[in-house]
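Since we're looking at a predicted model, the values are computed, not measured.
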Amino acid sequence: MASDELARKLQPRMAAEQAPQFNPCAPEETTVKPSDSVPEQQEKAVVVIVNDATSELTAKLTRRLDINNGNAAPKQAKVFNPSTEFKEFSRKQIKDMENIFKRFDSGKDGFIDLMELKLMMEKLGAPQTHLGLKNMIREVDEDFDSKLSYREFLLIFRRAAAGELQEESGLMALARLSEIDVSAEGVMRARDFFEAKVQSLKVGSKFEAEIREEQEERKRQALIRKQRRAAFKELQSAFCS
């Protein structure tokens, strides 16, 4: 009986010692009941994010390991060659366009951004609104970075030469007003440049036609002389016989 009474007295004290102590700094624990479940869409989203992050990290670590071991092939950067891609322009014309691009690339980062294009159009005497400038960039912005690369700058002149630009567009104004040295006589406007190019082709064709005509004339004269010599020999043999 004494042992039973002692056990009853010690039971509350033992229960207090076994109970978890409250810690205000410890994170609050939430008991999840078996009946509770995570929404299916949230569960899938978490799985996708974790898998994507893991795959990306694994790919980066794998490539780093390959580089360290000398097994990774270096990534080849695509080299832009304007003379090869823009064959409709001469090397001198491309150089003139490059000089214009560099002149207005005040940041020297290889791009003409919105503010640099704004300054460019103002200096050319054809200022544009903010929306107009954005539309100019958007029309040839192939990589959607909201600025003009040198290649995209050349596309303006290609499209102008092909007649693909609207007459009143900002890009057409840029192509017309940009001064491009295309002859030894001096600087010509972009529109004059395209007209001069067509004219040069016509002149070249006319020159070739004149050469062919002269060659044909020489052949005719040679044939006439040959016929005359044959007739003279025939007449001479008739007198001598």
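- Panel note: side chain Asn99, backbone Arg103; no donor-acceptor pair is recorded below 3.5 Å.
- The shortest non-hydrogen separation linking Glu122 to Lys118 is OE2-NZ, 2.7 Å.
- Ser83 approaches Arg91 most closely through the heavy-atom pair OG-NH1, 3.9 Å.
- Cluster membership check: Leu174 does not share its hydrophobic cluster with Phe111, using side-chain heavy-atom separations under 4.5 Å among Ile, Leu, Val, Met, Phe, Trp and Tyr.
- Atom-to-atom distance recorded for Leu114:CG and Ser146:OG is 8.5 Å, nearest 0.5 angstrom.
- Both Phe101 and Phe80 belong to a single network of hydrophobic side chains, linked directly or stepwise wherever heavy atoms of I, L, V, M, F, W or Y lie under 4.5 Å apart.
- Between the Asn135 side chain and the Leu131 main chain, a donor and an acceptor come within less than 3.5 Å of each other.
- In this structure, Phe153 and Ile100 have side chains that are in contact, with non-hydrogen atoms separated by less than 4.5 Å.
- Considering Arg218, Glu217, Lys219 in turn, Glu217 is the only one that fulfils the side-chain contact (heavy atoms from CB on, under 4.5 Å) rule with Gln221.
- Taken together through direct or relayed side-chain contacts under 4.5 Å among Ile, Leu, Val, Met, Phe, Trp and Tyr, Phe157 and Tyr150 form part of one hydrophobic cluster.
- Judged purely by atom type and a 3.5 angstrom limit, Gln128 uses its side chain to pair as donor or acceptor with the backbone of Ala126.
- Nearest heavy-atom pair across Met121 and Gly170 is CE-O, 3.8 Å.
- A salt bridge is defined here as a Lys NZ or Arg NE, NH1 or NH2 lying under 4.0 Å from an Asp or Glu carboxylate O, and Glu164 with Arg158 fails to meet this definition.
- Note that CE of Met136 is 12.5 Å distant from CZ of Arg138, once rounded to the nearest 0.5 Å.
- The distance from the CG atom of Leu171 to the CD atom of Gln166 is 10.0 Å, given to the nearest 0.5 Å.
- Distance CD1/Ile94 to NZ/Lys87: 11.0 Å, rounded to 0.5 Å.
- In this structure, Asp105 contributes its side chain and Ile112 its backbone to no donor-acceptor pair below 3.5 Å.
- Residues Phe86 and Arg151 come closest through the heavy atom pair CZ-O, 3.9 Å.
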- Message: Checking His130 against Lys134 for the side chain to side chain contact (heavy atoms under 4.5 Å, CB included) test, could you report, in this order, the C-alpha distance in whole Å, the side-chain angles of both residues, the deciding distance, and whether it holds?
- Response: CA-CA 6 Å; His130 185 77; Lys134 294 180 70 174; 3.6 Å; yes

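- Between Glu139 atom CD and Ile156 atom CD1 the span is 8.5 Å, to the nearest 0.5 Å.
- Ser149 contributes atom OG, which lies 11.0 Å from atom CG of Asp109 (distance to the nearest 0.5 angstrom).
- Salt-bridge annotation for Lys147 and Glu152: absent, with no side-chain N of the basic residue lying under 4.0 Å from a carboxylate O of the acidic one.
- Using a cut-off of 4.0 Å between Lys/Arg side-chain N and Asp/Glu carboxylate O, Arg212 and Glu216 are scored as not salt-bridged.
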- Would you check, one step at a time, whether the test side chain to side chain contact (heavy atoms under 4.5 Å, CB included) holds for Leu133 with Met115? CA-CA 9 Å; Leu133 294 168; Met115 294 306 297; over 6 Å; no

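- More than 12 heavy-atom neighbours from other residues, nucleotides or ligands sit within 6.0 angstrom of NZ on Lys108.
- Of all heavy-atom pairs spanning Met120 and Ser178, the tightest one is CE-OG, 4.3 Å.
- Using a 4.5 Å cut-off on side-chain heavy atoms (C-beta onward), Leu154 and Pro82 make contact.
- Between Leu148 and Leu117, the shortest heavy-atom contact is CD1-CD1, 4.4 Å.
- With Gln93 contributing its side chain and Ser90 its backbone, the two residues share a donor-acceptor pair below 3.5 Å.
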